[in-house]
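The block underneath contains the structure these notes are about, expressed in structure tokens.
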2 protein chains.
Amino acid sequence: MVNEKRNSKGKNETAFGELTEAEWAIMKVVWEHQPCAAGTVQDALATERGWAYSTVKTTMDRMVDKGLLKINKVRNLQLFSSQINRTQAAKGEFSKMLSRAFDGAIAPMVQFLVENENISEEHVKELRDIVSKTGRNK
Amino acid sequence: MVNEKRNSKGKNETAFGELTEAEWAIMKVVWEHQPCAAGTVQDALATERGWAYSTVKTTMDRMVDKGLLKINKVRNLQLFSSQINRTQAAKGEFSKMLSRAFDGAIAPMVQFLVENENISEEHVKELRDIVSKTGRNK
DNA sequence: TGACTTATTCTACATGTGTCGAATATATTC
DNA sequence: GAATATATTCGACACATGTAGAATAAGTCA
């Protein structure tokens, strides 16, 4: 039941690496501390989110069901580790955004970026630098 | 009740221009045909989605409640129009992606773009072109 | 060992979203 | 004007997600 995509008819297509808001918050902590216990994650998100332990634990258990996290049990302790890395998650998030908002085309997105206050002059410059500094890309 | 953001405690922050998957599909048709009837939208999405009329109508009514669409009644006909434009919607989608996957920083995102197969050589070129062709921005 | 401190399990509930069918109201057309 | 085609309104249901309390199991320490 790991990482399946139940789409019997427009249900929910769980594309590889699609995280919800809460999942992102948790995943970020896991990437940083894995393998780690639910309590550790809760502590890390204490101020930022103020979630109860059970909230964090429930969500993490659900993430295990989805194949996003895995558990390594040590005595009575459950140590969680991620099953996807940040790049994969970022890719999923980026792809979703791209297909929804720009019909999957990157050029329009960059156009949008440059035309909107969304991106500052410094960022335009960064973009320019990064893009030009990158020679042939694999 | 238009465009409010009920966030009494980590509830759901309906940021201006945050659309769900179904809403995006509908919104795209509306942007193209507005003002238009629900039936028109259904027809347009017939092959692509195969939604029943009521599915489309229900979703559109909910979008009206959220302030995403507005209705102009002509006799017994309801003509829908969007309350946000594509740029606003794109901005919302982009921002969400950026904060989730890149902690809100554009530079890392571009870096990611360049480093991943997510972006083909042609795209890198497009990127380069667009970025360099754009002189001082605003 | 008993008190105290975690962890884990289970159960639950509210709201959002995807999806419709049935009933009803309006038009259109012969 | 009756039959037919359209729209609108309502109510519903399933599943996902956010959020958490209560009960229980285990480990720690004086």
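Reminder, nothing fancy here: chain letters follow the sequence lines and each chain counts from 1.
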Handout entry: d(CZ, B/R100; P, D/dT17) in whole Å
Key = 10 Å

I'd like a table of donor-acceptor pairs (distance under 3.5 Å, sequence neighbours excluded) in which one partner is a side-chain atom from residues 27-44 of chain B, with atom names and distances.
unit_1, atom_1, unit_2, atom_2, d
B/K28, NZ, A/S99, O, 3.4
B/K28, NZ, A/R100, O, 3.0
B/K28, NZ, A/D103, OD1, 2.8
B/W31, NE1, B/S82, OG, 3.4
B/W31, NE1, B/I84, O, 2.9
B/Q34, OE1, B/S82, N, 2.8
B/Q34, OE1, B/S82, OG, 3.2
B/Q34, NE2, B/S82, OG, 3.4
B/Q42, NE2, B/W51, O, 3.2

Handout entry: Set of side chain to side chain donor-acceptor pair (under 3.5 Å) partners for A/R62, sequence neighbours left out
Key = none

Practice task
Classify the side chain of B/R75 versus the base of D/dT8 as yes if they form a donor-acceptor pair under 3.5 Å and no if they do not.
Solution key: no

Exercise for the section: Indicate whether OP1 or OP2 belonging to C/dG18 is found under 4.0 Å from a side-chain N or O atom of B/T20. Expected result: yes

Practice task
For the side chain of A/W51, starting at C-beta, report the closest nucleotide among D/dT9, C/dT17, D/dT19.
Solution key: D/dT19

Exercise for the section: Would you indicate what A/E21 reaches in the nucleic acid, counting non-hydrogen atoms under 4.0 angstrom: base, sugar-phosphate, or nothing? Expected result: sugar-phosphate

Handout entry: Atom pair distance, as rounded to whole Å: CE in B/M27 and P in C/dT17
Key = 13 Å

Handout entry: Check: D/dG18 base within 3.5 Å donor-acceptor of A/R49 side chain
Key = no

Problem - Pairs involving residues 46-59 of chain A, ordered by first then second residue, that meet salt bridge (charged side-chain N to carboxylate O under 4.0 Å, His left out) (sequence neighbours left out) - result: A/E21-A/R49, A/K57-A/D61

Practice task
Would you please name every residue forming a salt bridge (Lys or Arg N to Asp or Glu O under 4.0 Å) with B/K96, sequence neighbours left out?
Solution key: B/E18, B/E93

Handout entry: d(CH2, B/W24; P, C/dG16) in whole Å
Key = 21 Å

Completion exercise
Between CG of B/L45 and C1' of C/dC20 the distance, given in whole Å, is 16 Å

Practice task
Using whole Å, report how far CE of A/M60 lies from P of D/dT17.
Solution key: 16 Å

Handout entry: Pairs flagged by ring-ring contact (aromatic ring centres under 6.0 Å, His included) wherever residues 74-93 of chain A is involved - sequence neighbours left out
Key = none

Exercise for the section: Output all residues satisfying side chain to side chain contact (heavy atoms under 4.5 Å, CB included) with A/S54, sequence neighbours left out; order by chain, then residue number. Expected result: A/A52

Mind listing the N/O atom pairs, protein and nucleotides 21-23 of chain C, below 3.5 Å?
unit_1, atom_1, unit_2, atom_2, d
C/dG21, N7, B/S54, OG, 3.0

Distances for protein N/O vs nucleotides 5-7 of chain C N/O pairs under 3.5 angstrom?
none

Exercise for the section: Taking A/E23 for its side chain and A/T20 for its backbone only, find out whether a donor-acceptor pair lies under 3.5 Å. Expected result: yes

Fill in the blank from the handout: note: B/M63, atom CE; C/dT17, atom C1'; distance rounded to Å ~ 12 Å

Handout entry: Atom-to-atom span, CD of B/E18 to P of C/dG16 - whole angstrom
Key = 14 Å

Handout entry: Co-members of the apolar cluster containing A/L79 [side chain, <4.5 Å]
Key = A/V74, A/L77

Problem - Length of the CZ-C1' vector between A/R62 and C/dT8, whole Å - result: 16 Å

Problem - Any donor-acceptor N/O pair, B/Q88 side chain to B/N85 backbone, under 3.5 Å - result: yes

